[in-house]
Each structure stands twice: as C-alpha cells, then as structure tokens.
Amino acid sequence: SAVNSSLCDEKLKKSVVMLLEFESQGNLQDAFLKKKSDFIQKCSKRVEQIKNRPSTRRQVEKTVMKTTEKSCFPPQVHSSSPATVQLKKVGEVKVSTPEDRKTSAVEMQQRTLRLYNQLSEVKQKKEEKTRREVYAVNREKAKEFQKKTLERLRAKKMH
C-alpha cells in the first residue's frame with residue numbers, strides 16, 4: 001500500500017512537471033516544433049555515430065592485418081560472442097576451386113565413415129561378423145583334422 005502511494009505520488013509529480021513545462025513553452029505548435037527539432041538533432045547525431053563506427057572497425061582490421069603480416073601469426077579475436085563472429089564472417093568471401101570442393105567432399109565422407117564406425121550398433125555387428133568368420137575357420141580346421149585322423153586310422157587298418 002505504501003509502495004502504491006509512492007508510485008502515485010511520483011506519477012502525480014511527473015504530470016505536474018510536464019504540465020508546467022507545457023505551460024511555460026507557450027502553445028502546442030511551439031512545443032511540437034521544439035521537440036521535433038530536438039528529435040531530429042539526436043537522430044542525426046546517432047546516424048553520424050553509426051557511420052563512424054564501421055570506418056573505425058575497418059581501420060582496426062587493417063592495422064591488425066598489417067601487424068599479422070609482419071609477425072606471421074594469425075590475428076586473435078578477443079570477443080567470441082556469436083554476434084561478433086557472424087559480423088566478421090559477413091565480409092569474408094571464400095572462393096573455392098573444384099579441387100577444394102573435391103577434397104572437402106572426401107574429408108566429409110571420411111568423417112561420416114569414422115562417425116558411423118564409432119556407433120555401438122556398428123561395432124557390435126562387426127564383432128559378430130568377425131566371430132562368425134573365426135567360427136567358420138575353426139570348423140574348416142576341424143573338418144581337415146577329422147579327415148586326416150580318419151585317413152590315418154584307415155591306413156593303420158590296412159597295414
């Protein structure tokens with residue numbers, strides 16, 4: 001309740017101040033023209049500030065490029081927010097040659113294959129396959145051994 005009364009008091013004071021300002025300015029047309037000119041001045045200042053920002057950013061980028069050319073180290077980005085990264089990528093244009101596209105496609109295929117092979121289901125299938133192959137080889141060896149032992153037994157019975 002005390003908070004509501006203080007809010008009402010503040011609103012009342014603001015409206016009284018606005019009313020006094022309006023009465024001291026004269027008529028409504030004069031007040032409008034004054035507010036309009038103030039608004040236009042503020043807007044033009046903001047436009048100038050915005051126009052100056054990119055030029056200073058470009059100047060900073062140029063100086064960074066010059067220093068990196070001298071030091072042979074890549075420039076380090078201090079702010080890593082997604083908005084700044086996206087803004088910096090807007091000016092970049094990557095020209096890709098057919099060889100670049102071919103190598104990037106090969107790299108993507110290798111990455112996909114590697115990720116596929118890392119899946120647990122795929123690992124289990126491969127283990128099962130190798131197990132079956134080992135079993136088949138062992139069965140073949142067992143058949144070979146059985147044939148040899150039968151041949152030996154037959155040879156002993158013959159002699």
Side-chain angles (χ1 to χ4, degrees), residues 1-140:
S1 181
V3 174
N4 287 339
S5 65
S6 66
L7 287 175
C8 289
D9 291 341
E10 288 180 29
K11 287 182 182 179
L12 183 62
K13 288 179 184 177
K14 286 182 182 179
S15 63
V16 169
V17 168
M18 289 175 65
L19 183 63
L20 289 174
E21 285 179 359
F22 179 71
E23 288 177 358
S24 66
Q25 290 176 352
N27 65 9
L28 186 60
Q29 186 67 29
D30 293 337
F32 174 73
L33 290 175
K34 184 177 183 204
K35 294 288 182 182
K36 183 179 174 184
S37 64
D38 289 343
F39 177 75
I40 291 173
Q41 287 175 354
K42 287 179 184 178
C43 288
S44 62
K45 285 181 184 178
R46 266 184 277 162
V47 168
E48 287 300 318
Q49 288 175 348
I50 290 171
K51 284 182 181 178
N52 290 335
R53 283 183 197 161
S55 65
T56 57
R57 187 181 310 135
R58 287 187 190 122
Q59 290 171 352
V60 168
E61 288 175 359
K62 286 179 184 177
T63 56
V64 167
M65 291 296 285
K66 288 178 184 177
T67 56
T68 55
E69 287 175 2
K70 292 177 184 175
S71 64
C72 296
F73 290 112
Q76 294 184 358
V77 179
H78 295 290
S79 63
S80 61
S81 68
T84 57
V85 171
Q86 187 178 11
L87 285 176
K88 290 182 181 181
K89 288 184 179 180
V90 167
E92 296 177 3
V93 176
K94 184 177 179 184
V95 178
S96 63
T97 61
E99 294 85 19
D100 291 339
R101 285 192 292 274
K102 200 179 268 187
T103 55
S104 66
V106 169
E107 289 172 357
M108 287 300 290
Q109 289 174 346
Q110 290 173 347
R111 180 179 182 270
T112 304
L113 185 64
R114 180 177 46 83
L115 291 174
Y116 175 77
N117 288 331
Q118 288 177 357
L119 293 172
S120 61
E121 298 166 359
V122 175
K123 287 181 181 178
Q124 289 174 354
K125 283 183 181 180
K126 283 187 179 182
E127 288 173 1
E128 186 66 31
K129 184 179 177 183
T130 55
R131 204 175 299 127
R132 277 192 237 121
E133 288 173 355
V134 168
Y135 290 159
V137 169
N138 286 341
R139 277 194 300 273
E140 289 294 320

> Taking everything shown except Arg101 itself, do over 12 heavy atoms lie less than 6.0 Å from its CZ?
Replying inline: yes
>> A quick test of your reading: do over 12 heavy atoms of other residues, nucleotides or ligands sit less than 6.0 Å from CD of Glu121?
In response: no
>> Side chains of Lys123 and Asn117 only: does a donor on one sit below 3.5 Å from an acceptor on the other?
In response: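 Side-chain D/A pair, Lys123 to Asn117: absent.
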>> Side chains of Thr97 and Asp100: any donor to acceptor distance under 3.5 Å?
In response: yes
>> Could you check whether any side-chain heavy atom of Glu107 comes within less than 4.5 Å of a side-chain heavy atom of Arg111, counting everything from C-beta outward?
In response: no
>> Do the side chains of Arg131 and Glu128 get close enough for a salt bridge, i.e. N-O under 4.0 angstrom?
In response: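 Glu128 and Arg131: salt-bridged.
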> In Å and rounded to the nearest 0.5 Å, what is the CZ to CZ distance from Arg139 to Arg132?
Replying inline: 10.5 Å
> Can you tell me how far the OG1 atom of Thr103 sits from the CE atom of Met108, to the nearest 0.5 Å?
Replying inline: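 Answer rounded to 0.5 Å: 12.0 Å.
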> Checking salt bridge (charged side-chain N to carboxylate O under 4.0 Å, His left out) for the pair Lys45/Glu48: CA distance, chi angles, key distance, verdict?
Replying inline: CA-CA 5 Å; Lys45 285 181 184 178; Glu48 287 300 318; over 6 Å; no
